[in-house]
Number of protein chains: 2
Amino acid sequence: MNDTSPPRRGRKSELSREQILDAAARMLRRQGYGNTTLRAIAEVAGIQAGSIYYHFASKDEIMDAVLERGVAAVYEAVRDRLAALPSETGHLARIEVAVTTHLEALLSHGDYTSASIRTYGEVPEAFQQKSQPLREAYVVLWQDLLGAAQADGAIRDDLDTSLLRTLLLGSLNWTVEWYDPTQRPVQDIARQAVDVLFRGVVPVEEAS
Amino acid sequence: MNDTSPPRRGRKSELSREQILDAAARMLRRQGYGNTTLRAIAEVAGIQAGSIYYHFASKDEIMDAVLERGVAAVYEAVRDRLAALPSETGHLARIEVAVTTHLEALLSHGDYTSASIRTYGEVPEAFQQKSQPLREAYVVLWQDLLGAAQADGAIRDDLDTSLLRTLLLGSLNWTVEWYDPTQRPVQDIARQAVDVLFRGVVPVEEAS
DNA sequence: GCAATAATCTAACAATCGTTCGAATGGTAA
DNA sequence: TTACCATTCGAACGATTGTTAGATTATTGC
């Protein structure tokens, strides 16, 4: 009944599986769901199209794996880094760490996270739902972070933290569309993003 | 030689053309480029698939028209509203108008702008280039806006306005992914976005 | 009302899609 | 080596794709 045990497989299988996923993520990122062909994935992975079905049951299963990996990479990175902070860490410091980690994870696992972000909307609803719990957990994480900060007066209480969260994460997520790793280190972007988020762009002397 | 004159067409042609474009934009927005089928577009538009070719030469030509319309709607709206401002308008006020107008245009032409934003990356390079001049012009518009503000001291001069622009526009563009017109008026979002952009989230008394 | 042409329909085409399956290969334990 | 199972190949399938062309219907100008 409980069919948790996978068919016993050798070491080479996992390697191929990984190559297929990498290829799929790379193609999903630039061409979207509908344009990504199993034959193209196979070619990039260095195998034949039919061979994919030894590792995955369907195209959707591949997409699902890529999507899930994309969100998990960011969520787990941020969650773990926050958990590793000393308990006396201030709210603003925690937010700064979250922003920086989010950006680092987002841009270092570029293909998976980009594919996840850009493809999520165009994938059949049926298996959007599989990665949805993770996405919601990540939203809750941020909402708690911002809510706690506001409750303690670290964030102005005339702001809607829910709106603030979507605006902030939107700004960060959009970086996958333009970020060029050869141009500028991720930390520079994170630093200025946090700086503007905290203090705004207007110089203090004339902040009306 | 100069074949500028289109084949003389009646009034009904333009109506159908519009319906095809509307249908295409709506499908592009939710399903992406590769998943959007000419037969599906035709069904939404209330005609037969083959009839599309009376109005457009190819699928790509439809996509091209949708993409261009999407960026043009936002660009022209912001440009015109800025041009209509009295010349003595301050830099921050101009930026506020630009942000608000950008959001309003973005979200009121939802299908076209969303399709334009989400599909641009997955479309063949050959005709990404057709809407590229418009996109660049829009970037220049914002860059001038922010650069002039910084030159006059309205924006802190330790900020990189080029990075600031991408972060800001990213935040605004991302709204097409989550905005629900039944929940909150666009102006509320614009107001808080400008507020945070100018003054940051940290209360003045403890801004270090 | 009649001719002309604008607009749409219908049916098919070649290509490509995801998928299947039996045969061929690879490696590993005995 | 032999036998067994893991892994891949190669070729095919039905369905669907963008596109085409001729027949058919609407609409307009006179």
Side-chain angles (χ1 to χ4, degrees), chain A residues 3 5-25 27-28 30-67 115 119 122-127, chain B residues 3 5-25 27-28 30-67 115 119 122-127:
Chain A
D3 199 355
S5 67
R8 187 166 47 89
R9 296 199 161 159
R11 298 128 202 117
K12 192 177 185 187
S13 181
E14 303 211 357
L15 177 66
S16 295
R17 227 185 112 95
E18 217 60 24
Q19 287 173 331
I20 292 172
L21 285 180
D22 284 353
M27 306 215 60
L28 275 177
R30 353 192 169 186
Q31 308 187 336
Y33 175 64
N35 291 323
T36 296
T37 285
L38 282 185
R39 286 174 173 84
I41 293 178
E43 192 184 9
V44 173
I47 59 176
Q48 216 67 18
S51 308
I52 292 183
Y53 284 81
Y54 180 77
H55 303 277
F56 297 92
S58 68
K59 179 185 177 182
D60 285 1
E61 199 177 287
I62 304 178
M63 308 300 156
D64 190 50
V66 172
L67 255 64
T119 312
E122 35 176 292
V123 118
E125 257 192 66
F127 71 102
Chain B
D3 200 355
S5 67
R8 189 163 47 86
R9 297 199 159 159
R11 295 131 203 117
K12 192 177 185 190
S13 181
E14 303 210 358
L15 177 66
S16 295
R17 227 186 112 96
E18 218 61 25
Q19 286 174 331
I20 293 172
L21 285 179
D22 283 353
M27 307 216 58
L28 276 177
R30 357 194 165 183
Q31 308 186 340
Y33 175 65
N35 291 324
T36 296
T37 282
L38 281 184
R39 284 175 175 81
I41 293 178
E43 192 184 9
V44 174
I47 58 174
Q48 218 64 21
S51 308
I52 292 183
Y53 284 82
Y54 180 76
H55 304 276
F56 297 93
S58 68
K59 179 184 177 183
D60 286 1
E61 199 177 288
I62 304 178
M63 307 301 157
D64 190 48
V66 172
L67 255 64
T119 312
E122 36 176 293
V123 118
E125 256 191 68
F127 71 101

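First the proteins, then the strands, lettered A, B, ... as listed; each starts at 1.
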Any side-chain N or O of [X] below 4.0 angstrom from OP1/OP2 of [N]?
| X | N | value |
| --- | --- | --- |
| Y54(A) | dT8(D) | no |
| S16(B) | dT8(C) | yes |
| S51(B) | dA7(C) | no |

Look at the side chain of E122(A) and the backbone N and O of N35(B), then say whether any donor-acceptor pair between them is shorter than 3.5 Å. no

Distance, rounded to the nearest Å, where [X] contributes [atom1] and [N] contributes [atom2]:
| X | N | atom1 | atom2 | answer |
| --- | --- | --- | --- | --- |
| Q48(A) | dC9(D) | CD | C1' | 6 Å |
| L15(B) | dT28(D) | CG | P | 12 Å |
| I41(B) | dT17(D) | CD1 | P | 11 Å |
| H55(A) | dG18(C) | NE2 | C1' | 17 Å |
| I20(B) | dC9(C) | CD1 | P | 10 Å |
| E43(B) | dT8(C) | CD | P | 17 Å |
| I52(A) | dG10(D) | CD1 | P | 15 Å |
| Y53(A) | dT19(C) | OH | P | 3 Å |

Report the end-to-end axis angle of the helix from dG1(C)-dC30(D) to dA30(C)-dT1(D); each axis comes from five terminal pairs, and the value is rounded to 10°. 20°

Step through the shown structure and confirm whether more than 12 heavy atoms of other residues, nucleotides or ligands are within 6.0 Å of CD on E61(B). yes

Spatial distance of atom CZ (R17(B)) from atom CD1 (I62(B)) [nearest 0.5 Å]: 9.0 Å

dist D60(B):CG -> L67(B):CG (nearest 0.5 Å) comes out at 10.5 Å

Side chains of I20(B) and I47(B): does their closest heavy-atom pair fall under 4.5 Å? yes

Grab the N/O contacts between the protein and nucleotides 15-17 of chain C below 3.5 Å, and write none if there aren't any.
residue: dC17(C); atom: OP1; partner: T37(A); partner atom: OG1; Å: 2.9

Using the side-chain contact (heavy atoms from CB on, under 4.5 Å) rule, take M63(B) and F56(B) through it: C-alpha gap first, then chi angles, then the decisive distance, then the call. CA-CA 10 Å; M63(B) 307 301 157; F56(B) 297 93; over 6 Å; no

Taking only residues two or more places apart in sequence or in another chain, which ones pass side-chain contact (heavy atoms from CB on, under 4.5 Å) with R39(B)? T37(B), A49(B)

